[in-house]
2 protein chains.
Amino acid sequence: MGATKTDLFTKQQNEIAAMAKALAHPARIAILQYLVKKNACVCGDLVEELGLAQATTSQHLKELKIAGIIQGSIEGASVCYCINPKVWKQYKELFNTFFKDVDLQASCC
Amino acid sequence: MGATKTDLFTKQQNEIAAMAKALAHPARIAILQYLVKKNACVCGDLVEELGLAQATTSQHLKELKIAGIIQGSIEGASVCYCINPKVWKQYKELFNTFFKDVDLQASCC
DNA sequence: AAAATACATCGTAATATTGCGATAGCGAAA
DNA sequence: TTTCGCTATCGCAATATTACGATGTATTTT
């Protein structure tokens, strides 16, 4: 045991959970906010910005890249990361849909 | 090591991450969707609905309750769970804000 | 009162995540 | 070419999550 039983759930449920998981760490939120703020591509100053070790930062970047929400391209000696607008939009829409239709009044307990 | 270094990040970043964490499991997504769909309060049929053991289901419910997004009240022998509309709205707004202002065109790499 | 039902919690095993030092690989600069 | 800076990956330790059986605690039923 210990592993998530993904087969019990729908594809959509697993997808939403996977997206949420990508956002489920403050460092990754900070990275995304930084990338959004700078708009232009930013590279290794993330290490300095975050205060985490280089290896740790790289790992978080990798997870965000696997989730698809950011993309990186080699820029000489360094690597240029930025938001993947397409996937960003997907995230936005999925969460929007998820949160949308609830009758906020009807709290029964 | 191994523990998240929350002190490195802003309160808001930690908050968003914590919210995302609450959603970062398909069982919890399924629970929320079920509660939204039924609108009325639903109790222990969640165990049957999910296909997870009773203990596991209860644990997921606990996490959602700690996150504040659901609330439970004792209803005789069973417990009645439902969405907390206030917190649900907060989640919605926070994620909305987070995803809102990005220039989707400007993918530089 | 005893048995049954509905949940929560404890304890534990399996697995995943987080974090970092060390190291490897690659392009740039000297 | 050697050296340097930047990033990815490996290996490991600490911690967290997931899952479940067993057990405890109410309440309801018999």
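None of the values given here were measured: they were computed from a predicted structure. The chains referred to below are lettered A, B, ... by the order of the sequence lines, with proteins before strands, and numbering in each begins at 1.
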If you look only at distance, which donor and acceptor atoms sit under 3.5 Å apart when one is on a side chain in residues 41-58 of chain B and the other is two or more places apart or in another chain?
residue: B:Thr57; atom: OG1; partner: B:Ala53; partner atom: O; Å: 2.9

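Within the structure, salt bridge (charged side-chain N to carboxylate O under 4.0 Å, His left out) contacts touching residues 30-44 of chain A (residues at least two apart or in different chains) do not occur. Residue pairs meeting the salt bridge (charged side-chain N to carboxylate O under 4.0 Å, His left out) criterion with at least one partner in residues 7-31 of chain B, sequence neighbours excluded, are B:Arg28-B:Glu63. For residues 25-77 of chain B, every residue pair satisfying the ring-ring contact (aromatic ring centres under 6.0 Å, His included) rule, not counting sequence neighbours, is listed here: B:His25-B:His60.
Here A:Tyr81 does not reach the OP1 or OP2 of D:dC6: none of its side-chain N or O atoms lies under 4.0 Å away.
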For this session: Test side-chain contact (heavy atoms from CB on, under 4.5 Å) on A:Ile70 and A:Trp88 and set out the steps.
Result: CA-CA 8 Å; A:Ile70 67 171; A:Trp88 183 272; over 6 Å; no
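Under the ring-ring contact (aromatic ring centres under 6.0 Å, His included) criterion, A:Phe9 pairs with no residue at all, not counting sequence neighbours. Applying the side chain to side chain donor-acceptor pair (under 3.5 Å) criterion to A:Thr10, with sequence neighbours excluded, gives A:Gln13. Evaluation of the side chain to side chain contact (heavy atoms under 4.5 Å, CB included) rule for A:Lys62 yields A:Ile66 as partners, not counting sequence neighbours.
Between A:Thr6 and A:Ala77, the one whose closest nucleotide on DNA chain D sits nearer the 5' end is A:Ala77. Heavy-atom nearest nucleotides on DNA chain D were determined for A:Ser78 and for A:Lys5, and the one closer to the 5' end corresponds to A:Ser78.
Taking atom CD of residue B:Glu75 and atom P of nucleotide D:dT27, one finds them 13 Å apart after rounding to whole Å. Taking atom CD1 on A:Ile74 and atom C1' on C:dA28, their separation rounds to 14 Å, with Å as the unit. Per the geometry, CG belonging to A:Leu46 stands 15 Å off P belonging to C:dG19, to the nearest Å.
For the segment residues 19-34 of chain A, the set of residues with a heavy atom within less than 4.0 Å of an atom of DNA chain D is empty. Contacts between residues 48-67 of chain B and DNA chain D, defined by a heavy-atom separation below 4.0 Å, involve B:Leu52, B:Ala53, B:Ala55, B:Thr56, B:Gln59, B:His60, B:Glu63, listed by number.
In this structure, the helix from C:dA1-D:dT30 to C:dA30-D:dT1 shows an angle of 10° between the axis at its start and the axis at its end, each fitted on 5 base pairs and rounded to 10°.
Here the side chains of B:Asn96 and A:Asn96 are in contact, with some heavy-atom distance below 4.5 Å.
B:Leu64 and B:Ala22 get closest at one heavy-atom pair: CD2-O, 3.8 Å.
Looking only at distances, a side-chain donor or acceptor of A:Asn14 sits under 3.5 Å from a matching main-chain atom of A:Thr6.
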